[in-house]
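Below, read A as the first sequence line, B as the second, and so on, with proteins coming before strands; counting in each chain starts at 1.
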Amino acid sequence: MNPSLTKLFLFFLHVCIHRALKSVMANSDFLLQFQEFEDNQDFTQNTQESTTVTIDDPIKSRKQRNAAGTDFEGEEDDPLENSDKTKLLSGERKSAPFWTFEYYQTLFDVDTHQVKSRILGSVVPWPRRNFVEVYLRSNPDLYGPFWICATLVFAIAISGNISSFLRHHGQPKYKYVPDFGKVTMAATAIYSYALLVPLALWGFLTWRNRTIASLVSYSFMQIVCVYGYSLSIYIPAVIVWIIPSEGLRWCSIAVAMCLSGSVLVMTFWPAIREDKPRIIIAILSTIVILHVLLAVGCKACFFSTYETDPSADNNEPLKAGSTLSFTKAN
Amino acid sequence: MVVSHLNRTVTSLNELFEHHAHFAGLSDISISEDIPVEGDISVPVGSQNADNDFSTLDEPVKDTILRDLRAVGQKFVHVMYPKKSSALLRDWDLWGPLLLCVTLALMLQGGSADSEEDGRPQFAEVFVIIWFGSVIITLNSKLLGGTISFFQSLCVLGYCILPLTVAMIVCRIVLLGGSGVVSFAVRLIVVTASFSWSTFASTAFLADSQPTNRKALVVYPVFLFYFVIGWMILTFSPSH
C-alpha cells in the first residue's frame with residue numbers, strides 16, 4: 001500500500017500546487033485550464049491503476065470489463081496497456097540516448113501550425129501566459145530555434161550588405177564588394193548566443209532548484225527552444241535596419257526588445273519566483289541585458305562599420321552609437 | 001597358427017578389394033561421358049554470356065563517359081521541366097551536383113585571389129555552403145520524417161542549382177556590358193526567376209516524400225538555401 005499512498009500524496013500535492021499557481025497567476029485561459037484538467041485526470045488514473053494492482057482482484061476487473069463490453073483477448077495485457085496509456089497521457093516519452101537518430105527525431109516532431117503558433121506566441125506577449133506551458137508543454141523542438149537562427153544569420157548578413165551599399169552609394173570612388181565574412185561572424189554570434197545563454201541559465205536554475213524547492217523547473221531543451229523562438233522578432237527588425245536612419249533602427253530595437261524580452265521574463269518568472277528578490281532581479285536583468293546586447297552588438301557590428309571608412313564626417317555616429325550601447329549595457 | 005593368420009589377412013584384403021571395386025565402379029560412372037555433368041558446366045557459361053551484356057569491363061572508355069554524361073543530361077532536362085516523375089529520384093548520382101557546384105564556385109570567385117581584403121565569397125566558401133547546406137536540409141527532412149533517402153535528396157538539391165548556374169552565366173555576360181542600373185535590373189530579374197525556378201523544381205521532387213502537415217517545414221529551408229545562393233549571384237561583381 002505504500003506506493004499508492006505516496007502516489008495519493010503526490011496527487012494531493014499536485015492539486016495544491018495547481019490551485020496555488022492558479023490563484024497566483026489568476027488566469028482565465030482556456031488552454032491552461034484544459035491542461036490542468038488533463039493532468040488531474042492523469043493522476044487519478046495513476047492512483048486507480050496503483051489500487052487495482054495492490055488489490056489484485058482480476059475477477060472484479062474482468063467483470064467490469066465484460067460489463068463495459070470489451071472482449072476477452074484484450075485483457076491479458078491489461079496492466080501493460082494501462083501503463084502505456086498513462087505514459088502517453090503524462091507526456092513522458094521513452095527517451096532515446098542522445099547519440100541516436102531517434103532522439104533527434106523527437107526534437108523535430110512538430111507540425112506547421114505548431115511552429116506558426118509558437119513563433120506568434122514568442123512575438124506577442126499575452127499577459128499571464130507562460131510560453132512554455134501554453135506552447136511547448138513537454139514537446140520542445142529544435143526545428144524552430146535552428147532555422148530561426150539560420151534565417152537571422154542570413155538576414156543580418158544580407159541587410160548589412162545592403163545597408164553598407166546604400167550608405168556608400170553616392171560616393172564616387174566607392175565600388176561595392178559583397179562582404180561574405182559577415183555571414184561567418186553573424187553565425188558565430190547568433191548560434192553561440194542561442195546555445196551558451198540557455199546552457200548558463202539552465203545550470204543556474206538547476207543549482208537554485210537544489211537550494212530552494214521551486215515548483216517549476218525547465219529542461220535544457222525547453223530553455224533552448226524558448227531562446228530560439230525569442231530571436232524570431234529580430235528577423236523583421238533586422239530587415240527594417242536596411243533603411244539608413246538611426247532613429248528608426250533604435251525604435252525597432254526597442255520594440256523588438258519589449259516584445260520578446262517580456263515573453264522571456266514571463267516565461268522564466270515562475271521558475272525563479274520563490275527565490276530571494278536580489279537574485280530574481282539579477283537573473284531577470286541579466287536575461288534582458290543579454291538580449292539587448294545581442295541586438296545592439298549586431299547593429300554596431302554589421303550596420304555601422306564606420307571604422308573601415310577613412311572619412312572624418314562618419315566618425316561621429318559611431319561614437320554616439322557606442323556610448324549608447326555602453327550606457328544600455330550598464 | 002601362421003596359416004590361420006594368413007587366411008585372415010587374405011579375407012580382409014579381399015574385403016578391401018571388394019570395397020575398392022565398389023568405388024572403382026563409381027569413378028567409372030563419373031568418368032564416363034554423362035550429360036548432366038556437362039550440362040552443369042555449360043549453364044554458367046551461358047549466364048556469363050548474359051552478364052557480359054551488362055558488364056562495362058570491355059566497352060571503350062568513351063562509351064562509359066558518354067553514357068554517364070547522357071544520364072546527367074537527362075536529369076538536367078528533368079530539372080528544367082519539373083514534372084512529377086521519379087526518374088531523378090530513382091537512380092541518383094552526384095556527378096551533376098559536383099559539376100554545377102564547381103562551375104558556380106569558379107564563376108563566383110571571379111579571379112579575386114590577388115586582393116586580400118575584400119570579402120567576396122571564395123571558392124571554398126561557396127563550395128561549403130552548397131554541400132553543407134544541402135546536407136543540413138536533407139538531415140532536416142529526414143528528421144521531420146521524410147521517406148526519401150539521404151543521397152536521393154542530395155542529388156535533387158544539387159541538380160536543382162542548375163537554373164541558378166544558368167543565371168550566373170547570364171549575369172557574367174550582362175556584367176561584361178557594364179554595371180549600371182539597367183544591368184542590375186536585368187540581373188535582378190534573371191536571378192529572381194531562376195531562384196523561383198529552383199525552389200519550385202526541388203519542391204516538386206521533394207515535397208511528396210513528406211507528410212502533408214509538414215510540407216511547409218521542409219520547403220522553407222530549401223527556399224532559404226536557394227535564396228542565399230541567389231543573393232551571392234546577384235551581388236557578384238567582377239574585380240578589374
Taking everything shown except [X] itself, do over 12 heavy atoms lie less than 6.0 Å from its [atom1]?
{"X": "B:Phe200", "atom1": "CZ", "result": "no"}
{"X": "B:Phe132", "atom1": "CZ", "result": "no"}
{"X": "B:Phe227", "atom1": "CZ", "result": "no"}

By side chain to side chain contact (heavy atoms under 4.5 Å, CB included), which residues pair with B:Pro163, not counting sequence neighbours?
-> B:Val79, B:Ser194, B:Trp197, B:Ser198
Contact class of B:Leu224 relative to chain A, heavy atoms under 4.5 angstrom | side chain
When you measure from the side chain of A:Tyr104 to the backbone N and O of B:Leu143, does any donor-acceptor pair fall under 3.5 Å?
-> no
What closest approach, in Å, do [X] and [Y] show between heavy atoms, and which atom pair accounts for it?
{"X": "A:Thr112", "Y": "B:Asn213", "value": "OG1-O, 2.5 Å"}
{"X": "A:Gln105", "Y": "B:Lys142", "value": "NE2-O, 3.6 Å"}
{"X": "A:Tyr143", "Y": "B:Ala216", "value": "OH-O, 4.4 Å"}

Looking only at heavy atoms, which of residues 223-231 of chain A get nearer than 4.5 Å to chain B?
-> none
Under the side chain to side chain contact (heavy atoms under 4.5 Å, CB included) rule, what do B:Tyr220 and A:Thr151 come out as? Steps first, then yes or no, please.
-> CA-CA 10 Å; B:Tyr220 174 68; A:Thr151 315; 2.6 Å; yes
Heavy-atom pair count under 4.5 Å with chain B, highest-scoring of A:Val115, A:Leu107, A:Val183, A:Ile158 = A:Ile158
With chain B, the option among A:Phe154, A:Phe101, A:Trp147 that has the most non-hydrogen atom pairs under 4.5 Å is A:Trp147
Any side-chain donor near an acceptor of the partner, B:Trp231 and A:Asn161, under 3.5 Å | no
Non-hydrogen atoms of chain B under 4.5 Å away: do they reach the side chain of A:Phe146, the backbone, both or neither?
-> side chain
Any idea which of B:Ile129, B:Leu217, B:Ile136 has the most non-hydrogen atom pairs under 4.5 angstrom with chain A?
-> B:Leu217
N-O pairing of B:Arg214 and A:Asp109 below 4.0 Å = yes
